[in-house]
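First the structure, in the form of structure tokens, and then the observations on it.
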Amino acid sequence: MMMKKGNGDGAFSNVEMEYLRRHHTQEPHQNQCSSALVKHIKAPLPLVWSLVRRFDEPQKYKPFVSRCVVRGNLEIGSLREVDVKSGLPATTSTERLEILDDNQHILSVRIIGGDHRLRNYSSIMSLHPEIIDGRPGTLVIESFVVDVPEGNTEDETCYFIEALIKCNLKSLADVSEGLAVQDRTEPIDRMRDLLISG
């Protein structure tokens, strides 16, 4: 799959390219665009994955989602109705869970309806452990493929979707890193409280 790196950081590293080859196998067809974005998060993979894997609660880290309702059990093929906050050219989106792999840490979602112009949109997120500043961190890669709407160029379409994904990935990093700091300081706070009360 030929992809451009959507976050403006130049070329993908060899490690990122290997993960893309292994897990991000969507092939764009004629009149479609695709891209991939990378985010390094200073939080351990299990913590980040606990947020990403929640197909039923994307609003935990996606700032443009105001509400989400899942029909049926949470399994491959499950549908969710997402309400989008004002300010975007949409109010609802119907999405299907394509892949939820807790071993490989891969989530894939396909948009199948809604009042927006994203047709045949499919995304894959993969999470990979890494060390950042001597601590456990997470490499997150999100790729997508989508039809280019009539009246728009491939560049315009990719730019718009990349901007949304960048915002989501930044929010995922902020939430995850905040929880990671909280996890690291809670034992210190408990010890301090024991010493003060004792």
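Since the model is a prediction, treat every value here as computed from it, not as a measurement. Here, residue 1 is the first one in the sequence, and each next residue gets the next number.
Taken together through direct or relayed side-chain contacts under 4.5 Å among Ile, Leu, Val, Met, Phe, Trp and Tyr, I112 and I99 form parts of separate hydrophobic clusters. L37 and I124 sit in two unconnected hydrophobic clusters of ILVMFWY residues. Membership requires side-chain heavy atoms under 4.5 Å apart, directly or through other members. Residues F12 and V15 fall within the same hydrophobic cluster, defined by Ile, Leu, Val, Met, Phe, Trp and Tyr side chains chained together at heavy-atom separations under 4.5 Å. Note on V38 and Y19: same hydrophobic cluster, where clusters join Ile, Leu, Val, Met, Phe, Trp and Tyr whose side-chain heavy atoms are under 4.5 Å apart, directly or indirectly. Hydrophobic clustering places I76 together with L74 (ILVMFWY residues linked when any side-chain heavy atoms are closer than 4.5 Å, directly or through intermediates).
The minimum heavy-atom distance linking F55 with L79 is given by the pair CE2-C, 4.1 Å. Nearest heavy-atom pair across P28 and V145 is CA-CG2, 3.6 Å. Looking at every heavy atom in both residues, V175 comes nearest to K60 through CG2-O, 3.9 Å. Contact detail for H24 and S126: the closest heavy-atom pair is NE2-OG, 2.7 Å. Looking at every heavy atom in both residues, L45 comes nearest to P129 through CD1-N, 3.4 Å. Nearest heavy-atom pair, P44 versus T138, reported as atom, atom and distance to 0.1 Å: C-OG1, 3.3 Å.
Under a 3.5 Å cut-off, the side chain of R54 and the backbone N or O of Q59 do not form any donor-acceptor pair. In this structure, S171 contributes its side chain and N168 its backbone to no donor-acceptor pair below 3.5 Å. Counting only distance, with no hydrogens or angles, the side chain of S78 and the backbone of N73 share a donor-acceptor pair below 3.5 Å. Counting only distance, with no hydrogens or angles, the side chain of D115 and the backbone of T91 share a donor-acceptor pair below 3.5 Å. Using a distance-only test at 3.5 Å, with no hydrogens or angles considered, no donor-acceptor pair links the side chain of R53 to the main chain of D102.
Salt bridge K42/E177: absent, no basic N to carboxylate O contact under 4.0 Å.
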| message | K166 vs K170, test: side chain to side chain contact (heavy atoms under 4.5 Å, CB included). Steps then yes/no. | response | CA-CA 6 Å; K166 283 179 195 177; K170 181 187 181 315; over 6 Å; no

| message | Before you tell me yes or no, could you show the steps for I141 and H23 under side chain to side chain contact (heavy atoms under 4.5 Å, CB included), namely the whole-Å CA-CA distance, both residues' side-chain angles and the distance that decides it to 0.1 Å? | response | CA-CA 10 Å; I141 302 174; H23 303 296; over 6 Å; no

| Given N31 and R119, is the side chain to side chain contact (heavy atoms under 4.5 Å, CB included) satisfied, shown in steps? | CA-CA 11 Å; N31 202 38; R119 302 291 173 244; over 6 Å; no

| task | Carefully, step by step, assess D83 and R67 under the rule salt bridge (charged side-chain N to carboxylate O under 4.0 Å, His left out). | result | CA-CA 5 Å; D83 291 343; R67 186 172 157 264; 2.8 Å; yes

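Distance check, rounded to the nearest 0.5 Å: CG of L179 to OH of Y61 gives 13.5 Å. Expressed to the nearest 0.5 Å, how far OG of S13 lies from CG of L20 amounts to 9.0 Å. With rounding to the nearest 0.5 Å, the separation of CG in L51 from NZ in K62 is 12.0 Å. Rounded to the nearest 0.5 Å, atoms NZ (K39) and CG (L127) are 13.5 Å apart. Between the CZ atom of F144 and the OG1 atom of T157 there is a distance of 8.5 Å, given to the nearest 0.5 Å. Of the inter-residue distances, the one linking R80 atom CZ with R96 atom CZ reads 12.5 Å to the nearest 0.5 angstrom.
Test S143, S123, S108 against Q26 for side-chain hydrogen bond (donor to acceptor under 3.5 Å, both in side chains) and you get one pass: S143.
Taking 4.5 Å as the limit, some side-chain heavy atom of L118 sits within range of a side-chain heavy atom of I161. Considering only heavy atoms from C-beta on, V148 stays 4.5 Å or farther from T153 through its side chain. By the 4.5 Å heavy-atom criterion applied to side chains, I111 and H116 are counted as neighbours. Proximity of M125 to V140: side-chain heavy atoms (C-beta onward) are separated by under 4.5 Å at one or more points.
Ring geometry for W49 versus H105: interplanar angle over 60°, hence perpendicular rather than tilted (30 to 60°).
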